[in-house]
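Note sheet for the following structure.
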Amino acid sequence: MSRRNMDQTSRTTAESKLERAVAESSPSLDAFFLPKSVAVVGATERPGTVGQTVLRNLLESKFRSKTYPVNPNHAELLGLKTYETIADVPETVDLAIVATRASTVPQIIGECVDAGVKSAVVLSAGFRERGQDGAALETKILEQLRRGTMRLIGPNCLGIMNPTIGLNATFANDPPRAGNVAFLSQSGALLTAILDWSKREHVGFSGIVSTGSLLDVGWGDLIDYFGNDPNTHSILLYMESIGNARSFLSAAREVALSKPIIVIKAGRSEAASRAAASHTGALTGSDEVLDAAFRRCGVLRVYNIGDLFYMAEVLSKQPRPKGPRLTILTNAGGPGVLATDALVASDGQLASLSDQTLCALDGFLPQHWSHNNPIDVLGDADAERYAKALEVAMNDLNSDGLLAILAPQGMTDPTQVAEQLRPYAKSTGKPLLTSWMGGASIARGEAILNAAGIPTFSFPDTAARAFNYMWRYTYNLRGLYETPAPCEGPEIDIVARRKVAAIIEAAHKRGRVLLTELESKQVLSLYGIPTVDTRMARDEEEAVNCASVIGYPVVLKVFSETITHKTDVGGVKLNLGDQDAVRSAYRAIKASVEGHGGGAFLGVTVQPMVRLEGYELILGSCIDPQFGPVLIFGSGGQLVEVYRDRALALPPLNTTLAQRMMEQTRVLTALKGVRGRKPVDIAALEGLLVRFSHLVVEQPRIAEIDINPLLASPERLLALDARVVLHLPSLPAQQLPKPAIRPYPAQYVSQWVIKSGTEVTVRPIRPEDEPLMVSFHKTLSDRSVYLRYFSSPSLSTRVAHERLARLCFVDYDREIALVVDKQEPVSGRHSLLGIARLIKLRDRNHAEVAVLVSDQSQGQGLGTKLFHKLIQIAKDEGLGRVSAEMLPDNFAMRRIADKLGFRTAPAPIFSSLTAFLDL
């Protein structure tokens with residue numbers, strides 16, 4: 001089982017065992033951060049140079065591994081024997097630091113690969129940030145790397161540090177203190193400033209990485225590494241470009257559930273984006289899309305450097321809020337108002353005090369207290385009044401957190417108040433933040449609060465923003481582990497998918513990039529998106545006949561394979577009430593379109609004039625250069641670009657993610673029903689968004705889709721107009737943009753008949769399967785549980801939501817889990833008979849496989865068939881080996897392994913067996 005399959009308190013023996021085995025057996029980034037030997041290529045004795053500074057830092061730090069200078073022009077440097085080339089070093093080098101001219105780096109990297117060096121950090125500048133010649137050098141470096149297994153950080157970076165062992169492989173002076181924050185920065189200059197600041201603020205680090213151009217080791221690799229590092233409690237990123245988007249999202253989603261990942265991203269404005277691109281030589285992509293990506297993978301985004309470190313501290317000390325409602329307690333009105341303004345300005349909410357809380361506060365506060373939130377306990381409040389008010393406010397069910405503000409006044413002792421607040425650090429399960437305003441007079445009280453794990457802020461508006469960040473982080477994480485409801489509406493089968501693919505392929509073969517309106521609506525309809533009845537007429541008489549069948553009034557639109565915006569060429573006529581109107585409209589459309597470009601007119605489409613009773617929405621997709629397909633949803637109609645009420649999301653969606661997407665828009669409030677209007681069927685709209693997202697990721701030839709308007713009323717959802725644009729015919733299939741998140745692997749769905757004659761569906765697991773997983777675990781005997789998990793975890797442990805959410809909501813790039821789904825023919829009720837799982841080991845061409853069959857279904861051949869299926873999937877995924885862990889007395893599993901050709905050997909950990917199969 002993978003590290004994700006159990007939380008820290010409920011992992012079974014087998015799961016813990018595999019976690020350690022994976023960490024030990026797979027090539028990781030340990031050669032960078034725990035090297036046993038380091039070579040400095042380009043070391044020199046000339047003061048002020050990069051080569052001399054790095055070598056001196058290695059020798060003067062607490063780091064005690066072997067250090068080898070490499071320079072053909074020196075016999076000795078700083079008292080160390082110097083080697084002419086990396087090949088001359090007398091042992092295999094874990095880490096090579098390269099500090100030579102850019103033009104020499106490709107050859108040096110090749111020599112490192114030949115010498116078996118495990119990792120390299122290239123400090124040299126002069127690569128893609130310098131233009132085409134520099135980019136060509138990077139290409140040569142990649143060619144050298146592909147000859148072996150060496151990993152590379154950089155180029156154009158400051159280097160790396162591991163303060164926990166004293167490693168300083170940078171050209172920055174004065175390494176920081178050890179701590180539990182990993183800081184990864186794409187800007188070396190910013191990194192040095194942060195290092196300097198950290199000394200004054202007593203901030204410690206578990207790792208520091210200047211990433212440079214992300215040529216090989218990227219954000220995903222580093223997040224994975226520090227996510228598994230026991231010394232790291234939070235991961236902070238300064239980012240200018242995303243690099244490999246799929247790798248970043250996959251790693252961030254994996255780690256964010258156990259450690260906060262906090263990002264500040266440069267390039268929010270167009271001018272800043274251009275500056276970032278010139279700095280790193282990489283495209284930065286749309287900032288709105290990046291926000292959507294961060295929400296999707298549970299990453300918290302902040303907007304200034306101070307908040308980056310504030311939030312690392314706050315999230316490490318206080319529980320996350322369960323909602324956005326903050327109660328503010330203050331002894332001065334002005335600071336409370338400032339905190340309120342900051343809270344509301346960043347989309348937070350002021351908690352409404354309950355009648356019970358108001359009554360309790362009235363019982364001991366002076367008559368003239370504020371009687372509202374913020375709770376102003378007045379300037380003469382002593383420590384006891386503060387503490388009693390805080391206790392009452394924290395227990396209010398309407399509140400999700402509390403901010404206590406203290407302004408030094410004659411009657412209020414900051415130290416005594418801090419002492420009174422200390423017991424509430426974590427006693428209520430709600431976050432408690434404080435703002436002790438002032439200087440020397442509040443310093444002691446501030447120290448007491450910090451020591452108790454209660455974060456302090458110099459100003460109340462900063463504290464209010466911190467609470468909002470905490471809530472935003474909670475909100476993002478909920479998208480990762482909330483169990484989605486089943487999707488309402490039709491389920492899209494393989495036949496529908498193939499029909500859509502055929503429509504697109506036919507247009508592609510003819511060299512077209514635009515589907516006709518009729519084709520576009522056929523595509524949507526096949527994916528369960530209701531469309532208005534649309535008929536094609538190639539002449540005037542046919543248009544009249546179509547209108548008579550549909551019924552008046554009708555709409556006529558130009559039918560064309562090249563016209564994108566019909567209204568721009570006079571190609572739309574509305575509310576046509578009789579034959580004469582239809583004939584006149586047909587002639588007018590034909591004359592107008594032919595006046596704009598001759599052969600574009602192929603006839604008209606005829607459709608009913610739908611009364612716009614409801615809300616006009618827009619639903620669409622486009623391609624982002626870094627994240628691939630992106631979804632858009634919001635207020636639609638002709639003024640869509642004026643209102644700009646929209647939300648972006650990465651496909652594919654489930655119902656929870658569809659709901660999250662809609663929650664980003666203002667129109668959702670109206671859709672739920674306002675001013676006496678009936679609400680729209682929100683569940684049906686969620687289902688429509690889910691199916692649309694599947695269309696976008698399952699049909700890669702589609703470049704853009706625009707449904708505007710999508711009419712939403714209490715009675716129906718209806719796509720009134722649709723436009724589908726394809727990628728250029730000249731673009732090869734292998735170069736089509738890929739989604740940043742791997743979609744549901746529908747190719748692994750199959751139908752089986754087991755020995756009993758029962759028909760079952762074997763399919764990849766889905767987040768919606770959590771309730772079925774609970775029922776499945778109830779069918780397992782103690783013996784089956786023990787053989788699978790090497791221990792006997794209780795049923796409550798096995799079905800805990802935190803655990804099952806991780807098991808069901810998988811990243812298909814990292815693992816494929818299959819379920820055997822049986823549907824009762826009469827009731828339609830589903831149940832699971834077995835589960836199989838393939839988990840890819842990090843950085844290896846190898847996967848761990850496991851199978852578990854319910855007791856009632858054992859002896860039906862399911863175990864063997866599931867192992868066969870996993871082996872085939874491993875081959876399809878390009879893996880070279882699969883392995884399985886089993887107990888010696890699991891004779892059924894051993895027989896299956898023997899039958900399938902596995903080789904069995906004692907496992908290195910515990911008294912179990914490991915079965916291997918080379919593919």
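One is the number of the first residue; the rest follow in order along the sequence. Because the structure is a prediction, the values reported are computed rather than measured.
- With rounding to the nearest 0.5 angstrom, the CD atom of Glu446 is 4.0 Å from the OG1 atom of Thr456.
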Exercise for review: Check the pair Arg385, Asp380 against salt bridge (Lys or Arg N to Asp or Glu O under 4.0 Å), reporting the backbone distance first and the verdict last.
Suggested key: CA-CA 9 Å; Arg385 186 192 300 173; Asp380 62 349; 2.8 Å; yes
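- Distance check: Asp681 CG to Glu686 CD gives 9.0 Å after rounding to the nearest 0.5 Å.
- A distance-only check finds no donor-acceptor pair linking the side chain of Thr412 to the backbone of Pro408 [under 3.5 Å].
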Check your understanding: Can you list the steps and then say if His371 with Asp362 is a side-chain contact (heavy atoms from CB on, under 4.5 Å)?
Key -> CA-CA 8 Å; His371 298 280; Asp362 279 336; 3.1 Å; yes
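- At distances below 3.5 Å, at least one donor-acceptor pair connects side-chain atoms of Asn373 with backbone N or O atoms of Leu326.
- Judged purely by atom type and a 3.5 angstrom limit, Asp769 uses its side chain to pair as donor or acceptor with the backbone of Arg766.
- In this structure, Leu657 and Leu653 approach most closely via the heavy-atom pair CB-CD2, 4.0 Å.
- Take Glu488 and apply the salt bridge (charged side-chain N to carboxylate O under 4.0 Å, His left out) test, not counting sequence neighbours, and it matches no residue.
- Using a 4.5 Å heavy-atom cutoff, the side chains of Val774 and Lys778 are in contact.
- For the pair Trp436 (side chain) and Pro414 (backbone), a donor-acceptor distance under 3.5 Å is present.
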**Study point:** Intermediate values then yes/no, side-chain contact (heavy atoms from CB on, under 4.5 Å), Leu403 and Phe457
**Key:** CA-CA 10 Å; Leu403 166 60; Phe457 296 85; 5.7 Å; no
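- A salt bridge is absent between Lys259 and Asp229: the closest approach of a Lys/Arg side-chain nitrogen to an acidic carboxylate oxygen does not fall below 4.0 angstrom.
- Between Leu236 atom CG and Ile262 atom CD1 the span is 5.5 Å, to the nearest 0.5 Å.
- When the ring pair (Phe, Tyr, Trp, His ring centres under 6.0 Å) test is applied to Phe309, the partners found at least two apart in sequence or on another chain are Phe183, Trp197.
- In summary, Arg325 and Asp400 engage in a salt bridge, as defined by a charged side-chain N under 4.0 Å from a carboxylate O.
- Shortest non-hydrogen contact noted between Leu402 and Leu329 is CD2-CB, 4.3 Å.
- A 6.0 Å sphere centred on CD of Glu384 holds no more than 12 heavy atoms belonging to other residues, nucleotides or ligands.
- Here the side chains of Met161 and Phe205 are not in contact, with every heavy-atom distance at 4.5 Å or above.
- Other residues, nucleotides and ligands contribute only 12 or fewer heavy atoms inside 6.0 Å of the NZ atom of Lys322.
- Using a distance-only test at 3.5 Å, with no hydrogens or angles considered, a donor-acceptor pair links the side chain of Gln409 to the main chain of Asn331.
- Using a 3.5 Å distance cut-off with no hydrogens or angles, the side chains of Asn162 and Thr164 do pair a donor with an acceptor.
- With a 4.5 Å cut-off on side-chain heavy atoms, Leu338 and Ile405 do not count as touching.
- In this structure, Asn654 contributes its side chain and Pro484 its backbone to no donor-acceptor pair below 3.5 Å.
- When side chains are defined from C-beta on, His233 does not count as touching Ser316, because their heavy atoms never get closer than 4.5 Å.
- Judged by distance alone, with hydrogens and angles left aside, the side-chain atoms of Asp396 form no donor-acceptor pair with the main-chain N or O of Val392 at under 3.5 Å.
- Looking at Ser354 and Asn398, their side chains never bring a donor and an acceptor atom within 3.5 Å of each other.
- In this structure, Arg472 forms no cation-pi arrangement with Phe294, as its terminal cationic atom is not both closer than 6.0 Å to the ring centre and no more than 45° off the ring axis.
- Among all heavy-atom pairs drawn from Ala383 and Gln420, the shortest one is CB-CG, 3.5 Å.
- With respect to the salt-bridge test (charged N to carboxylate O, under 4.0 angstrom), the residues Arg660 and Glu482 qualify.
- Taking the side chain as every heavy atom from C-beta outward, Asn450 and Lys317 approach each other to under 4.5 Å.
- Taking CD of Gln664 as the reference point, atom CD of Gln659 lies at 11.0 Å (rounded to 0.5 Å).
- Rounding to the nearest 0.5 Å places CG of Asn372 at 8.0 Å from OG of Ser352.
- By the 6.0 Å contact criterion, OH on Tyr424 is enclosed, its count of non-hydrogen atoms from other residues, nucleotides or ligands being greater than 12.
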Exercise for review: Give the intermediate values and the outcome of side-chain contact (heavy atoms from CB on, under 4.5 Å) for residues Met773 and Ile765.
Suggested key: CA-CA 10 Å; Met773 287 283 282; Ile765 202 167; 4.1 Å; yes
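- The shortest heavy-atom contact between Tyr386 and Ala381 is CD1-CB, 4.2 Å.
- Put simply, the side chain of Leu832 does not reach to within 4.5 Å of the side chain of Ser775, judged on heavy atoms.
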Review point. Is there a side-chain contact (heavy atoms from CB on, under 4.5 Å) between Leu406 and Thr434 once you walk through the steps?
Key: CA-CA 8 Å; Leu406 183 144; Thr434 62; over 6 Å; no
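- Distance alone, capped at 3.5 Å, is enough to place a donor-acceptor pair between the Gln318 side chain and the Gly453 backbone.
- For Arg444, the CZ atom sits in a loose shell: 12 or fewer heavy atoms of surrounding residues, nucleotides or ligands are nearer than 6.0 Å.
- The closest donor-acceptor contact from the side chain of Ser435 to the backbone of Met437 lies at 3.5 Å or more, if one exists at all.
- Minimum heavy-atom separation, Thr232 to Ala182: CG2-CB, 3.8 Å.
- Screening Asn476, Asp307, Asp287 for a side-chain hydrogen bond (donor to acceptor under 3.5 Å, both in side chains) involving Arg301 leaves a single residue, Asp287.
- Other residues, nucleotides and ligands contribute more than 12 heavy atoms inside 6.0 Å of the CG atom of Asn304.
- Side-chain contact between Phe364 and Trp369: absent, with no pair of heavy atoms (C-beta onward) separated by less than 4.5 Å.
- Atom CD of Gln356 has 12 or fewer neighbouring heavy atoms from other residues, nucleotides or ligands inside a 6.0 Å radius.
- Contact record, Ile223 with Ile235: O-CD1, 4.0 Å, taken as the closest heavy-atom pair.
- Under the 4.0 Å criterion applied to side-chain N and carboxylate O atoms, Lys265 and Asp291 are not assigned as salt-bridge partners.
- Using a 4.5 Å heavy-atom cutoff, the side chains of Arg798 and Tyr789 are in contact.
- Contact check on Lys388 versus Glu391 returns no salt bridge, with no Lys/Arg side-chain nitrogen under 4.0 Å from an Asp/Glu carboxylate oxygen.
- Of the N and O atoms on the side chains of Asp376 and His368, not one donor lies less than 3.5 Å from an acceptor on the other residue.
- Here the straight-line distance linking atom CG of Asp341 with atom CG of Asp461 works out to 9.5 Å at 0.5 Å rounding.
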